[in-house]
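Below, each value reflects all heavy atoms present in this structure, side chains not excepted, and no hydrogens, waters or symmetry copies.
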Amino acid sequence: MAEKPQPVRVLYCQVCSLPPEYCEFGSDFEKCKPWLIQNVPDLYPNLLNEANVKESDKVADKLQGTGISGSSDGAASSGKPEEVKRLPGGKIKKKDKQEVIIEKVVRNKRKSITTVKGLELFGVKLSDASKKLGKKFATGASVVKGPTEKEQIDVQGDISYDIVEFITDTWPDVPEKAIFFIEDGKKVPAA
């Protein structure tokens with residue numbers, strides 16, 4: 001009788017949860033390197049060489065820092081790196097500027113729509129804001145997705161004359177310096 005085949009045990013990276021052979025194609029290969037060096041040193045021999053060179057450079061830097069000044073500046077020189085939000089594929093996500101942009105879009109000659117973008121960056125719920133804007137200006141207001149897939153408030157009519165005062169009075173967290181108008185394709189401060 002033939003032997004029963006045994007299942008293959010696959011080792012997975014504890015950082016990116018891929019098999020070690022595919023870690024280099026993952027989004028954060030730099031974070032996987034220490035785990036790979038410790039657990040699978042024969043798979044990436046060049047990583048071991050890089051790690052040894054980096055360790056020797058760190059030791060040399062510490063020795064130079066202590067030898068010249070007489071005090072241990074090694075901990076002070078290695079500052080904490082800034083946390084960066086990464087998207088899948090290794091792309092870096094930029095932080096949005098906290099600003100409210102008001103734009104008037106004209107349609108059908110006399111009809112216009114006022115668009116308010118960026119209120120959510122100040123912690124304002126857009127659904128509540130659209131209700132308040134609709135009641136205050138007696139018009140229709142709704143939350144819609146804009147061309148950049150971010151939600152914005154569309155208010156029927158040209159209300160740009162009173163909206164800055166209304167926003168700053170209703171939501172004190174929104175400073176008047178952070179409100180801008182878009183006129184003729186240019187960003188103009190409201191203040």
Checklist entry - Is any side-chain heavy atom of Asn39 closer than 4.5 Å to a side-chain heavy atom of Pro20? => result no

Checklist entry - More than 12 foreign heavy atoms under 6.0 Å from NZ of Lys33: is that the case here? => result yes

Checklist entry - Are more than 12 heavy atoms from other residues, nucleotides or ligands located less than 6.0 Å from atom NZ of Lys187? => result yes

Item to check | Selection residues 118-143 - residue pairs positive for ring-ring contact (aromatic ring centres under 6.0 Å, His included), sequence neighbours left out | outcome: Phe137-Phe166

Next on the checklist: Going by side-chain hydrogen bond (donor to acceptor under 3.5 Å, both in side chains), name the pairs with one or both residues in residues 106-116, residues two or more places apart or in two chains.
Outcome noted: Thr115-Asp154

Checklist entry - Of all heavy-atom pairs between Leu18 and Gly26, which one has the smallest distance, and what is that distance? => result CD1-CA, 4.0 Å

Checklist outcome for this item: Looking only at heavy atoms, the pair that brings Cys23 and Leu36 closest together is CB-CD1, 4.0 Å

With rounding to the nearest 0.5 angstrom, report the [atom1] to [atom2] distance, [X] to [Y].
| X | Y | atom1 | atom2 | result |
| --- | --- | --- | --- | --- |
| Cys13 | Phe29 | SG | CZ | 9.5 Å |
| Tyr22 | Cys16 | OH | SG | 12.5 Å |
| Glu99 | Lys117 | CD | NZ | 10.5 Å |
| Glu151 | Ser130 | CD | OG | 10.0 Å |
| Asp162 | Asp169 | CG | CG | 10.5 Å |
| Gln152 | Lys145 | CD | NZ | 11.0 Å |

Next on the checklist: Between Thr168 (side chain only) and Glu165 (backbone N and O only), is there a donor and an acceptor less than 3.5 Å apart?
Outcome noted: yes

Checklist entry - Hey, mind stepping through Leu119 and Val174 against side chain to side chain contact (heavy atoms under 4.5 Å, CB included) and telling me if it holds? => result CA-CA 8 Å; Leu119 273 177; Val174 182; 4.3 Å; yes

In the single-linkage hydrophobic clustering (I, L, V, M, F, W, Y; side-chain heavy atoms under 4.5 Å), do [X] and [Y] co-cluster?
| X | Y | answer |
| --- | --- | --- |
| Ile113 | Val144 | no |
| Ile167 | Ile182 | no |
| Ile102 | Ile159 | yes |
| Val143 | Ile101 | no |
| Val116 | Phe180 | no |

Next on the checklist: Apply side chain to side chain contact (heavy atoms under 4.5 Å, CB included) to residues Ile179 and Ile163 and explain how you reach the verdict.
Outcome noted: CA-CA 10 Å; Ile179 300 175; Ile163 197 165; over 6 Å; no

Checklist entry - Linking Ile, Leu, Val, Met, Phe, Trp and Tyr by side-chain heavy atoms under 4.5 Å, what else ends up with Val105? => result none

Next on the checklist: Using the rule given for salt bridge (charged side-chain N to carboxylate O under 4.0 Å, His left out), can you reason through Glu120 versus Lys150, listing the C-alpha separation, both sets of side-chain angles and the distance that settles it, and then say yes or no?
Outcome noted: CA-CA 10 Å; Glu120 73 277 358; Lys150 291 189 177 182; 5.9 Å; no

